[in-house]
Structure formats: structure tokens, C-alpha cells
Colleague: 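My questions will all concern the structure given below.
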There are 2 protein chains.
Amino acid sequence: MAVTIHEVARGAEVSVSTVSRAFTVPEMVHPETRRRVLQVAGELGYQPNRAARGLVTGRTGNIGVVVPDVANPFFSAVLKGCAARAREARHVVFLADAAEDPRVEAEVVGAMAKQVDGIVLCSPREDLAQLERLAGIAPLVLLNRDVEGVPSVLMDSADGVRQAVEHLGALGHRRVAHLAGPATSWAGKERLRGLRAAAPANDVEAVELGPFPPTFQGGVQAADLALARGVTAVLAFNDLMALGVLSRLAARGVAVPRDMSVVGFDDIEMSGMTPEPLTTVRMPMEAAGRAAVDMLLDEQTTESELQRWLPTQLIVRSTTTPPAEVR
Amino acid sequence: MAVTIHEVARGAEVSVSTVSRAFTVPEMVHPETRRRVLQVAGELGYQPNRAARGLVTGRTGNIGVVVPDVANPFFSAVLKGCAARAREARHVVFLADAAEDPRVEAEVVGAMAKQVDGIVLCSPREDLAQLERLAGIAPLVLLNRDVEGVPSVLMDSADGVRQAVEHLGALGHRRVAHLAGPATSWAGKERLRGLRAAAPANDVEAVELGPFPPTFQGGVQAADLALARGVTAVLAFNDLMALGVLSRLAARGVAVPRDMSVVGFDDIEMSGMTPEPLTTVRMPMEAAGRAAVDMLLDEQTTESELQRWLPTQLIVRSTTTPPAEVR
DNA sequence: ATGAAAGCGCTAACAC
DNA sequence: GTGTTAGCGCTTTCAT
């Protein structure tokens, strides 16, 4: 069995409260006593049982993170940010993989509720009513989803699209396809919003395609459609799709920097895996994770600043070139 | 505040023990009583506080998982397996990102120890003594590391290398380079072992290069060395490195399926990101995560089967071809 | 089949 | 500055 506070108390010849204080409010115990307590605790390898502590304080020191898919590099980056920030605050993260299923999502939030101080819900697939219900059972911070009254961390994808469209427009592209991801995606709607606003202003015609699955295969599928519509550039929902597009274009003999420009989202370059210099809109995923945990830890969050917007940035590489007719 | 067992008891007009039993040993309470209790619990949205439960039962229902880097697709796949298996067993996973730092690793194991039923330590960077110490403070299952007396899940990379070497040898390759990753990697040592055993048997000369950082950049660096040594094929420590090699070879004008064959490990195809048909040794990462949690949950594990070996498999794609001199 | 009560490891009044 | 004590929400004897 693990070593308890009582054994430390006995060893240091003090009461349990003194031991407790030595750990939680050190300045309240005599330096000499504290030294002795800490010393004994060290020797015994004592570490306070956080569950027991939580039971009385009401604060668990745990923060929950729910992602639709851990294996998706987008979310693992978010997760990394959460874990890093949590550790700084000496908190621990509870992870749940919702397997892209809204029902599982709701379920795990319920299961976690009691054992965490708050939950970061990433790109939740739930409907509004569910989300509002969940926000009632535990402090929530939404990532990539915006619900009235619920704190959230948002990435400015609309602006990312604007940057991309501006860039393409400046190069001379006049018809660009947008390959949508899942219809329920908040980020997807934002991008569409950005697209519709930016396209006219930059004299480009937006061809809206989709929805497609946000996967490599989805990109393959989308590429054929884009080709059929005679665009000179495509904006893919994410890097995975962009990769699929690239692959399909290659297979159909369409030279990518020359005949068609491709822009992706969710830059995964961090893993060094961007296989060709694919132009992308960089989403600050790790920063978003940090920010979300941050809001959870910051008590005042709920009252004042309910939304945290993170900027996105277009990273231009060699795969965007002027269309053939302009060159 | 959350709804407690007392409120349910009051609502259902029974004692708390009955409520408790209705949840933990349903067959011990009268069907009618149980129905009423569950009904009230449902209405109130009651969910037992697992921390409190753990305090008395000694079992927390939590599984700790420590990875060197969540953002590494290899580990996020493992993590996914862990999360999935944990959920099946109605357990929750505690995640810690050790940031590739052995000290942090030891630290988080200590911090987690009390609040979990066991810990999965992935590719631990610690030295043997540390690991043995950690095994004493919490039930541990090692992944990708083998320590006497500590349960572990291992992937048969040596056999993977054997398959690769056999394949290359059969195609006519006579000199193949092995690009090592971090010197402390257990998997790396295993691969080397497999290589040294398989090379002579297949009439191929193994050129051992490295160590290199297990990254894209590491691959770039390694490619030049491999080129200088006049090999016709390379075995890269992992896919990231393999990608780096590919990239560098392309930059130096070496045609990849034709002038040089490249084989990677840690197949990341699951994310649809294998950019070119790179031949790889598939590591069953998700299965490994499942297996690890499985061993933690299975009480008997510690006594009987201390090691679980998972098979690896060579996935041949078009990038392995006979060397020029054979064609 | 059910209730009463003890206690898991800890913190937070409340004494001294 | 330190000790005593009463719970936190739950399970688990031990009665009944």
C-alpha cells in the first residue's frame, strides 16, 4: 500500500495537520518543523493522494480533454498544448477519445465531470442543445466551436481563407475550388464565410465543393470534382485532404505547381511530414490547447473574456504559381 | 455542487448503502428497489464520484499513460489504442507527455502513482535502475522496452528487419544501409540485432550508419552518408527519417525507386500521409496500446505472461526495386 | 434485502 | 505554530 500522511506524521513526530500544512501552506509551519517533515516525507517517498485531497477541497487538480480522434495530428498537437499547460499548473490531464461520435462525447463528459476541474472539448460534433446541457454539468471550454455563453478558443480560419484567396487572386487565379469537410464543422462554416467574403473582393470565383470526408481519400475524391469544374486552384479542408488531392492529381497527370495550385489547412509541418512544399494556412493548434487550459484555470475567464481568438497564417510555398493562362 | 449518493438515497427513500449496492452489486438489491433507485438516479443525473470510490476500494478506475511526445504519430496511435481499451473496461486514461525528458518521465510516474491502477510507460528513456525503482511505486507495463521482471509489450522489430532484408536480398540488393535512431532506443537495438542476424543469411552486407535524430532532418542528414557509402537500399529508423531520406535523395537527383530503395518503420499510413508508396515495416502501435492496458487490467499478468510480443509486417510498395546492376 | 456505522487519505475550521 | 476533530462521497462489514 502507498505511504499515507499518517506515517509521515508519525515519522516526523508531528500531527497530520502539520504535515498537511507543510505541503499546502508551508509558511504556516515553523521552518525547522517543515524541514523535518519534508525530510521524512522524502525518505518515505510520500506524495499526497490527490483524489483524497480533491474530495475535501473540491478541486481535483485534473483537467479533462476530449478529442474526436487522438491519432489525428491536428488534435494530438492540441493535446500536446493542453498537456504542457496543465503540467505548468501542476495539473494532470484526463484524456478521452470520442471516436468521432457525438454520443460518446456526451457520455465521457458526464463520466469525467466529477473528477476534473474543467473540460476542454475539441471540435465537438454535438448539437447546440447537448452542448448547452454539458456546459451545465462541468466547466467547459470549447475549442473550434462557438456557443453563446460558453467560453471558447477559436482560430481565425476565416482570415486564413482571406489570406489564401488574396494570395491566389494576386497571382491571377480566377476560379478556385473550396473542398469542404464535414458539414457540421464549425471551422468549415467559418472558412466558407471567409471565402464568400474574400472571393468577390479579390475578383475570384469560388466553386464550393463537398462535403467530403476530411481524409486522404476524401481528397482523392474531391480532386476529380475540382478537375471537372475547371478551377486553377483548390483550397482543401485540411492537410490530409490536400495530400489526397495532390496524390490524385499526380495520378491523373496534372502537374501540381504548374497546372493546379493546392492550399491546405492545419499545417502538419511540425512533424516534418509535409511531403512536398504544400502551401498551407497554419493553425496554431498547440497554442490553442494551451489557451483552452488557461481559460479553465483562470477563474475570471467565465465572467470577462469568453472567447479567445487565435490568428492563423498563410505559409506560402512553391506549389502556388500563377495559372497557365496568366503566365 | 454535484449530486451525491445521499440525495439519491433520500429521493428513493432508501439508505445510501442500498443506492451504492444498486450500482455496484445490483443482484443484491430487490429488483423493485433497484428500479426505483436507478430511476431517481437517472432523473437527478447522479454519477458515482469515482475518486471517492477509489478512496475506499483502492482501485481508481484510471490508467496512466506516459509518452515521450504526444504529437509523434507513433505515440498518438499507441495512445489511441490505450484509450480505446481503457474505455471498454470503463476506465479513464491519465495522459502525461514527458517531453522526451527522462527526468520528467520519472516525475510524472510519481505524481500519477496514487491516482491510477497502473501505468503504461511508452519507450521510456530512463536508465535501468530508475525503471526498476518506478516499477516499485506503481504497477507498470513497459512498451517498447524490456526490463527483467517488469511486464512489457514488445513489437518484433527484429523480425521486421529480417523480412525487409530478405525482401531486398531477393531483389538482388547486396549493400544496404541501416540508419540508426537514438542510441538508447530499445527498438533500435532490436533492429540492429535483427539486421546482423539476417544480413549474412541473405547475402547482403549491412552498412550501419548513425545514430541520427529520429526526425525528418535526421533522414536528410543520413541520406548523404548513405549515398557516400554506395549502398543500393536503406533501412530508416522510422517513417519520418525515411521521408527525410526521400526528400534529400530527390534534391540530389537520385531517383528513388530506380537508383535507391528506401524502407521505413512505424508505418504512418493510417493517417493517409505516406506521400509516396514507401515500403515500410508496419508496427502494430494501436494494438500495442490495447495490449498494454490489457496487461494492466489483467491481474494474472504479473505472475504468468510477462511479455507480450506483437508481430510486425513488411508492406512492400513500388519503391523497392532491384538495384541497377541486377536489372 | 436493507440499514447503521466505520473509515479510505486528506484538509479546514477550531481550539490551544 | 501545532494538535484535535469533523467531514468530503463513497463502499463495506456487521447487524437486523
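Residue numbering restarts at 1 for every chain, and letters A, B, ... go by the order of the sequence lines.
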Colleague: Between C:dT2 atom C1' and B:Arg36 atom CZ, what is the distance in whole Å?
Modeller: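 Spelled out: CZ on B:Arg36 to C1' on C:dT2 is 11 Å.
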Colleague: Expressed in angstrom and rounded to an integer, what is the separation of A:Met28 atom CE from C:dA12 atom P?
Modeller: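 Taking CE of A:Met28 and P of C:dA12, I get 11 Å after rounding.
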Colleague: Just checking B:Tyr46: base, sugar-phosphate only, or nothing, at a heavy-atom cut-off of under 4.0 Å?
Modeller: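 Counting heavy atoms under 4.0 Å across all strands, the contact made by B:Tyr46 is with sugar-phosphate only.
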Colleague: What's the CG-P distance between A:Leu55 and C:dC10, to the nearest Å?
Modeller: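 Rounded to the whole Å, the gap is 12 Å.
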Colleague: Between B:Glu88 and B:Arg85 (salt bridge meaning N to carboxylate O under 4.0 Å), is one present in this structure?
Modeller: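 Looking at B:Arg85 together with B:Glu88, the answer is yes, because their closest N to O distance falls below 4.0 Å.
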Colleague: Quickly work out the B:Arg53 CZ to C:dC10 P distance and round it to whole Å.
Modeller: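 Rounded to whole Å, this separation is 21 Å.
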Colleague: In whole Å, I'd like the distance from the CZ atom of B:Arg59 to the C1' atom of D:dC10.
Modeller: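 For the pair B:Arg59 CZ and D:dC10 C1', the rounded distance is 16 Å.
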Colleague: Do B:Leu95 and B:Val67 make a side-chain contact, defined as non-hydrogen atoms from C-beta onward lying under 4.5 Å apart?
Modeller: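 Of all side-chain heavy-atom pairs linking B:Val67 with B:Leu95, at least one is under 4.5 Å.
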Colleague: For atom CD of B:Glu32, decide whether the heavy atoms of other residues, nucleotides or ligands shown that lie under 6.0 angstrom number more than 12.
Modeller: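 Atom CD in B:Glu32 is packed in, count exceeds 12.
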Colleague: So, is A:Thr57 near the phosphate of C:dA12, with a side-chain N or O under 4.0 Å from OP1 or OP2?
Modeller: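 Indeed not, no polar side-chain atom of A:Thr57 lies that close.
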Colleague: Take a 6.0 Å sphere around CZ of A:Arg133 and say whether it holds more than 12 heavy atoms from other residues, nucleotides or ligands.
Modeller: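 Yes, because the 6.0 Å sphere around CZ of A:Arg133 holds more than 12 heavy atoms from other groups.
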Colleague: Between A:Asn49 (CG) and D:dG9 (P), how many Å, whole number?
Modeller: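 Going from A:Asn49 (CG) to D:dG9 (P), I get 16 Å.
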Colleague: In whole Å, I'd like the distance from the CZ atom of B:Arg50 to the C1' atom of C:dC8.
Modeller: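 Result: 17 Å.
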Colleague: The helix from C:dA1-D:dT16 to C:dC16-D:dG1: angle between its terminal axes, five pairs each, to 10°?
Modeller: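 Axis angle across the helix from C:dA1-D:dT16 to C:dC16-D:dG1, nearest 10°: 40°.
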Colleague: Can you list everything that forms a side-chain contact (heavy atoms from CB on, under 4.5 Å) with B:Glu13? Sequence neighbours excluded, please.
Modeller: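 Scan of B:Glu13 (side-chain contact (heavy atoms from CB on, under 4.5 Å), adjacent residues dropped) gives none.
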Colleague: If you pin B:Ala52 and B:Glu13 to their nearest nucleotides in DNA chain C, which one's is more 5'?
Modeller: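 Per heavy-atom nearest nucleotide, the more 5' residue is B:Glu13.
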Colleague: For the side chain of A:His30, starting at C-beta, report the closest nucleotide among D:dC10, D:dG1, C:dC10.
Modeller: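 So the side chain of A:His30 is nearest to D:dG1.
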Colleague: Does the side chain of A:Ser76 reach to within under 4.5 Å of the side chain of B:Pro73, using non-hydrogen atoms?
Modeller: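 The answer is no, as the side chains (C-beta and beyond) never meet within the 4.5 Å cut-off.
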Colleague: Using modelled atom types only, decide if a donor and an acceptor are shared between the side chain of B:Lys114 and the backbone of A:Gln47 within a distance under 3.5 Å.
Modeller: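 Yes: the side chain of B:Lys114 pairs with the backbone of A:Gln47.
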Colleague: Would you give the length of the straight line joining atom CZ of A:Arg50 to atom OG1 of B:Thr60, rounded to the nearest 0.5 angstrom?
Modeller: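 Those atoms lie 13.0 Å apart.
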Colleague: When rounded to the nearest 0.5 angstrom, what is the spacing between CG in B:Leu134 and CD1 in B:Ile119?
Modeller: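 B:Leu134 CG to B:Ile119 CD1: 8.0 Å, rounded to 0.5 Å.
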Colleague: In whole Å, what is the span from the CD atom of A:Glu7 to the P atom of C:dC8?
Modeller: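 Rounding to the nearest Å, CD of A:Glu7 and P of C:dC8 are 12 Å apart.
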Colleague: Kindly give the atom pairs (protein nitrogen or oxygen, nucleotide nitrogen or oxygen) under 3.5 Å for nucleotides 4-7 of chain C.
Modeller:
{"unit_1": "C:dA4", "atom_1": "N6", "unit_2": "B:Ser17", "atom_2": "OG", "d": "3.1"}

